[in-house]
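Just so you know, ligand 1 is whichever comes first in the structure, and atom 1 is the first atom listed for that ligand. Sequential numbering from 1 along the given sequence is applied to the chain's residues.
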Amino acid sequence: KKNKNMRLIDLSIGDVSLPLPSSCIDGIDNAKKLLANKETFTGYPPSTGHTFLKEEIIKNDYNTRGIDFSNEEVFISDSSKSDITNILDLFKDNLCVALQNPVYPVYVDSNILKGNKIIYITDIETFLPPICKVDLIYLCFPNNPTGKIISKETLKKYVDYATKNNALILFDSAYEAFIQQEDTVHSIYEIDGAKNVAIEFRSYSKTAGFTPIRLAYCIVPKQIVIESTNGTKISLNSAFKRLKDTKYNGPSFLSEYAIYNTYTTNKLCELRENISYYLNNVKLLTEFFDSKNMIECISINSPYVWIKTINNLSSWDFFYYMLDNFMILGTPGSGFGTYGDGYFRLTGFSSYEDTLEAINRMKKVL
Ligand code: PLP
């Protein structure tokens with residue numbers, strides 16, 4: 001009511017604002033034509049996605065970095081969120097799970113639902129506190145919410161730990177496409193030995209603006225062995241395939257074809273253009289907050305800006321400060337865990353115009 005003359009600017013949720021790239025629209029049109037024709041119509045897709053797209057994923061996203069997989073190691077799905085949470089069905093109960101703090105809340109809630117014990121990695125460099133033997137380690141780089149990346153050397157320590165202690169790393173690479181810096185890893189499989197101990201999640205949600213139509217994939221190398229719910233050793237790849245066959249009828253053909261068309265017509269540059277647009281918004285916000293000394297660690301590799309609140313306000317007090325004074329929505333850092341309190345996350349996913357407008361509103365007061 002107080003601000004009824006000011007329009008609300010939403011910089012809170014990680015959701016894209018640009019329309020789908022034209023190569024994806026063309027791909028959907030092609031898919032529609034195929035489905036409209038008796039000869040080319042296809043019904044249920046395979047539960048882990050079509051081979052035509054798996055081959056392009058391996059070629060474009062992995063072979064270009066000297067990494068190879070078989071088609072059976074690629075699991076295409078509607079979303080990373082469902083993969084990250086559903087895979088937990090395969091593990092025995094009462095696991096000890098290591099999470100970063102602050103962290104993407106989906107890892108926390110899905111493990112609470114499973115009754116697992118959670119320990120937090122508070123400093124990624126100093127590695128895990130030896131409280132208990134860790135079974136699962138979730139790593140997210142570039143990180144949501146902080147935007148931080150990880151060095152090859154540090155990631156190697158996690159792979160070595162997992163190898164030595166029979167742990168599994170769940171590497172969430174949802175923001176891989178935003179990486180600008182050379183000295184980091186795009187995939188955990190750039191680290192020797194990772195194929196024995198790590199699975200990797202990638203999503204087209206932010207990479208290709210697919211939040212309305214959904215598509216993602218998960219890599220599960222064949223050599224990974226886990227202890228199943230009844231204590232026997234099983235291949236994670238076979239078990240995940242069985243889980244998909246049981247619970248899932250495969251990703252949408254239209255979504256798959258949209259991305260397939262982008263890969264095969266060499267239009268990845270269209271996706272990169274959209275990413276650059278969001279990263280430019282991030283840059284504008286970062287420069288503004290840095291000039292106010294509210295940024296502890298500048299990130300150029302993610303769509304998020306992670307700022308320290310002013311006057312040591314709690315995250316929620318700062319949320320209301322931003323709303324009351326500027327009609328700007330952001331996400332309170334405490335929503336990502338205890339170590340996020342006193343911080344606030346803004347996104348670059350809004351329009352350029354709204355990002356500038358938000359900065360202009362804040363400039364007058366902050
Ligand atoms: N992983 C991280 C770190 C995310 O931030 C998100 C979405 O915001 C996801 C996974 C989910 O991706 P999807 O849209 O494919 O479910």
With a cut-off of 4.0 Å, which atoms of ligand 1 are near a heavy atom of Arg214? 13 (P), 14 (O), 16 (O)

Can you tell me which residue and heavy atom of the protein come closest to [atom], and the distance to 0.1 Å?
atom	result
atom 3 (C) of ligand 1	Asp172 OD2, 3.3 Å
atom 16 (O) of ligand 1	Lys81 N, 3.0 Å
atom 8 (O) of ligand 1	Lys206 NZ, 2.8 Å
atom 9 (C) of ligand 1	Tyr104 OH, 3.2 Å
atom 5 (O) of ligand 1	Tyr175 OH, 2.6 Å

Close approach, Phe201 and ligand 1, non-hydrogen under 4.0 angstrom: no

Touching ligand 1 at all, Cys140? Heavy atoms, strictly under 4.0 Å? yes

With only distance considered, is [X] within less than 3.5 Å of ligand 1 through an N or O on each side?
X	result
Asp78	no
Tyr304	no
Ser205	yes

N-O pairing of [X] and [Y] below 4.0 Å:
X	Y	value
Asp83	Lys244	yes
Lys156	Glu153	no
Lys32	Asp29	yes

Establish, for the pair Arg361 and Phe326, whether the NZ or CZ atom is under 6.0 angstrom from the six-membered ring centre and no further than 45 degrees off its axis. no

Answer yes or no on whether Lys54 is positioned over the face of Tyr217, meaning its NZ or CZ is under 6.0 Å from the six-membered ring centre and within 45° of the axis. no

Can you name the nearest heavy-atom pair linking Ser187 to Tyr62, along with the distance? OG-CE2, 3.6 Å

Checking heavy atoms under 4.0 Å, the part of Tyr204 that sits near ligand 1 is neither

When you look at NZ of Lys114, are more than 12 heavy atoms from neighbouring residues, nucleotides or ligands closer to it than 6.0 Å? yes

Evaluate the ring planes of Tyr321 and Phe318, with Trp represented by its six-membered ring, and classify them as parallel (under 30°), tilted (30 to 60°) or perpendicular (over 60°). parallel

